[in-house]
Structures are given as C-alpha cells and as structure tokens.
Amino acid sequence: MIHRILIKQVELNQQKVDILIERNLISRIGKDLVAEDAEVIDATGMAVIPGLVNGHTHAAMTLFRGLADDMKLMPWLEQKIWPNEAKMTREDVYWGAKLACLEMIKSGTTTFLDMYQKFRGTADAVEEMGIRGYLSAVCFDHFDPKLAEKSKKECEKLYDVVDEYGPRVQYAVGPHAIYTVSGELLQWIHTFANEHQALIHLHLAETEEEVNNSIRQFGFSPVRYLYKLGVLSPRLVIAHGVYVDKDEIRMLADYGVKVIHNPASNMKLASGISFKFAEMKQAGVKVGIGTDGCSSSNNLDMIEAMKLAALLGKAWRKDPEVLTAPEMLEAATCTGADILGLKAGRIEEGYLADLCLIDLQSPAFTPNFNFVSNLVYAANGSCVDTVICNGKVVMRHKQVPGEAEILEQAARCAYNLVKR
Ligand SMILES: CSC[C@H]1O[C@@H](n2cnc3c(O)ncnc32)[C@H](O)[C@@H]1O
Ligand SMILES: [Zn+2]
C-alpha cells in the first residue's frame, strides 16, 4: 500500500489548501482533496513552509554548547575546541548529532550540510532521526604528506560507507580550511569529487587573519589561491566567504561556487560582519544560510539565523531596504536545497515532501498582516508544530520520539568528555 499523508486546511500563500503526500513526494495541492487510506493531519490554524536547509554546521558540536564562549576563532579552536574534539569517541559524536537532529527538527530544519569527524556517528544519528544529512568526510593534512595520504584513504573509505545508509544520508568531502589542508590535497579532493559527483565543503575567507596569512603563505587571497590551484568548481560550497572582493565574487560566479552565510558565528567569533549577500546574488552566486556549529552560534535555529542574516546585512550597510524577509526564506529553503542538488525547498507537486507546519496561534503571528515577515522577524524555532521529511512525520505537535533519552545521553557524553 502506498504511504499517504493528507494535510487538510493549511495556509499556503494566504490561501487555505490541502496537500497530498504520496510516498516521499508532494503529489497534489488543491481544495477539498480526498485520499483513501491517507493519514489525515488537521492543519487548521497552521501555515506550511518548506523544511529549512542548514547549509553549514558541525552537528555533534552541540556537546560543546556554552563550553567556550567569547573568544576569537583561532584561540577558540586551538585552546578549547580541538583539544576536546581529540577526545571524542564515536558514541560522543552519535549522541551529539542526535541532539543536533532533535534541535533541528524542533526548529524546522529537514536537511543539513555537516562537516565532522567520526562520520558514522553522525550518519547513524541522521538515519535514525529521519532527516537529511549531507555529511562531509573531513580532510586535514596540516601540510604533512603522510597525513594527506591518510586523509585520502579515509575519504575513499567513507564514500563506500555511505552505501550502508538510506538515501537521506549523502556524502560530501570536507577539507577543513586552506590553513589546515595543503594545495596538493585540495587538488586531489577536486579530482576525487568530480569522479564521484560529490560536493566539497570548505571553510573559506572567514577572518581577516586567514586572508593575511593566505597572502603571506601562498601569495594570494583565499579565493584567488583556489583559482590558482584550479579547484574552483560548481561542486564547491564555501562556508563563510566574508572576505571576498569584487573580482573574487566574479570568480565564484564564473565557476558556479556556492556560498553559505553564517551570521551568528561570524558575529559571535567577531570574524566579520560585512558579508556581501547582495553583490553575490547579483553576480549570480547561490547563497544559502547556515548556523555553523553549536559552540559558535550556540543553537541550530534556522529561523533565528534568517533574522540575524537580514538584520546584520541591513546594519552594516546602514540600509533597511536590503535583505528582505522573503529573500531570507528563499535562501534558507529553495536556494539551500538547490546548492545541495536536492529537489526540495519548494511546495510544488513533484517536489520532495519536506515540510513544516507553523503554529499561527501565538503572539509572533498576531496580527498576521504578513506571514513571512512574522516568520523571519518575529518568530523563532519554537513556532514549528509538525515536521515531515521524505514523506514521514518526524515531529507531531512538537513531540519527537525519544527526546528525553537524547537529552540525557547527550548531557552525559558532554560532561564525561570534558572531564576525560
Ligand atoms: C573536524 S571537522 C570540522 C572542524 O571545524 C571546526 N570548526 C567549527 N567551526 C569552525 C569555524 O567557524 N571555522 C573553522 N573551523 C571550525 C570544528 O571544530 C572541527 O574541528
Ligand atoms: Zn564551520
């Protein structure tokens, strides 16, 4: 029997409609739909949006929430984060990623692009929690050829590991950054990703220090350095991209490179505020939104991230007309999905049934002159009532199966880890 869900009386673009989901797809949108054997969801008083796409995170870093605040990027990584990450077991990553998936589901995210160690820990969590994870096999070589060979082997091995999981777990390659990965390894990854049709997920142009070091060490700013290496491509997704000039934006556009803006992390680590959203969009660069990990943004709430992206963009330009609420929702849904090559992020027949029902019975949606304005500027993740991913309900009326156990186990792992 075909698995069917019929969502009745939901608000979509200021109209009340029914949405029929068959298997994992949106099959019909219309009035007074009837479907035999369908599970009916009464969505009276709710609006529907596409599931949100978190374009850059490190899921298991939920375990480090509140552990290392108010620091700059490099001391934060070198003194606090990396020493603790070196002690993490697969079990830690599993429970940290379960907590991340729980948090993402509760705030309306159905897909995320991740970069973390102990790949299987995150993959197991994603498989069980019912959302989509594009998981990047981490590459570091610290400019040591022996470590580069190890990284290559690990990338190849993890590419096969993904076959053990269902279609919601996808593979990407994750060279950490140009200051931890050699040019030779970046070129190998470029070739490997082309051969295997995989995305490449890289931190780039995040801080002024990174740019200055890049010029000193390689003779070029970060984007120009990648151009010289010959690794700019449509497979490349860069996280941050705060420090790029006009010519570099042109290069990103010409090579089809995608960019993920992480407003919370950029502000909290004081990495930089002047993310050139409008210039990138105008040049034709696809820009998505991410939270980054939970130690630099402290939560994984994409509704909050949309608001921060809009407010930050307006503030640094001193222009309230830039970065509107509809643009932010587009970046966090259909552009995010397009970046990952996923037929989702739109509520249209034939698209993947990745949807969120938003509870309109709350102060943030009262009055409701403009739903998208309220969603981006007034609400936060707690307005999400029900989440469907790949045609299956993963949260119903704010309840996610197994929530209490996840909180308990993740807290246990976090406290034990810092004590070890
Ligand atoms: C081991 S995989 C990923 C690696 O990236 C670290 N990380 C988290 N946030 C950032 C950031 O903003 N810039 C650079 N690196 C970051 C994370 O702690 C992991 O070590
Ligand atoms: Zn990051």
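Order of appearance sets the numbers: ligands from 1, and atoms from 1 within every ligand. For the numbers below, each heavy atom of this structure counts, side chains included, while hydrogens, waters and symmetry mates do not.
Less than 4.0 angstrom separates some heavy atom of M61 from each of these atoms of ligand 1: 8 (C), 17 (C), 18 (O). Short contacts between ligand 1 and W82, defined as distances under 4.0 Å to a heavy atom of the residue, involve ligand atoms 20 (O). Shown in contact with I81 at under 4.0 Å from a heavy atom are these atoms of ligand 1, numbered in order with element: 18 (O). Heavy-atom proximity to Y179, at under 4.0 Å, picks out these atoms of ligand 1: 14 (C).
Looking only at N/O/S atoms, D292 comes nearest to the Zn ion (ligand 2) through OD1.
Nearest protein heavy-atom contact of atom 2 (S) of ligand 1 is V138 CG2, 3.4 Å. Among all non-hydrogen protein atoms, the one lying nearest atom 18 (O) of ligand 1 is E85 OE2, 2.8 Å. Here the protein heavy atom with the shortest distance to atom 1 (C) of ligand 1 is F140 CE1, 3.7 Å. With respect to atom 10 (C) of ligand 1, the closest heavy atom belonging to the protein is H203 NE2, 3.6 Å.
Close N/O approach between W76 and ligand 1 is not found [any backbone or side-chain N/O within under 3.5 Å]. Checked by distance only, ligand 1 and Q117 stay at 3.5 Å or farther apart across all their nitrogen or oxygen atoms. Ligand 1 has no nitrogen or oxygen under 3.5 angstrom from a nitrogen or oxygen of S296. Checked against a 3.5 angstrom limit, the closest N/O atoms of Y116 and ligand 1 fall outside it.
K343 forms a cation-pi arrangement with Y351, by the criterion of a distance under 6.0 Å to the ring centre and an angle within 45° of the ring axis.
Considering the Zn ion (ligand 2) as centre, the angle to NE2 of H203 and to NE2 of H56 is 100° (10° rounding).
Using a 4.0 Å cut-off between a side-chain N of Lys or Arg and a carboxylate O of Asp or Glu, R412 and E405 do not qualify as a salt bridge. Salt bridge annotation for K307-E304: absent, with no cationic side-chain nitrogen under 4.0 angstrom from a carboxylate oxygen. In this structure, D69 pairs ionically with K268, as a charged nitrogen and a carboxylate oxygen lie closer than 4.0 Å.
Distances from atom 5 (O) of ligand 1 to the heavy atoms of E206, H176, K268 show the closest one on H176.
Listed by first then second residue, pairs satisfying ring-ring contact (aromatic ring centres under 6.0 Å, His included) with a partner in residues 158-181 read W82-H176, F140-H176, Y159-Y171, Y159-H196, H176-Y179, H176-H203, not counting sequence neighbours.
Side-chain atoms of Q14 never come within 3.5 Å of backbone atoms of E11 as a donor-acceptor pair (strictly under, hydrogens ignored).
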**Request:** Could you walk me through whether D254 and R250 pass the salt bridge (charged side-chain N to carboxylate O under 4.0 Å, His left out) test, one step at a time?
**Result:** CA-CA 6 Å; D254 288 347; R250 193 63 265 148; 3.2 Å; yes

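Screening H261, H56, H201 for a ring pair (Phe, Tyr, Trp, His ring centres under 6.0 Å) with H240, the sole residue that qualifies is H56.
The shortest distance between side-chain heavy atoms of S136 and Y116 does not fall below 4.5 Å.
Contacts between L73 and ligand 1 below 4.0 angstrom, taking non-hydrogen atoms only, involve the side chain exclusively.
The closest side-chain donor-acceptor pair between N24 and N390 falls under 3.5 angstrom. Under the 3.5 Å distance criterion, with hydrogens and angles disregarded, no donor-acceptor pair is assigned to the side chains of N299 and E103.
Among the backbone and side-chain atoms of H240, none of the N, O or S atoms lies under 2.8 Å from the Zn ion (ligand 2).
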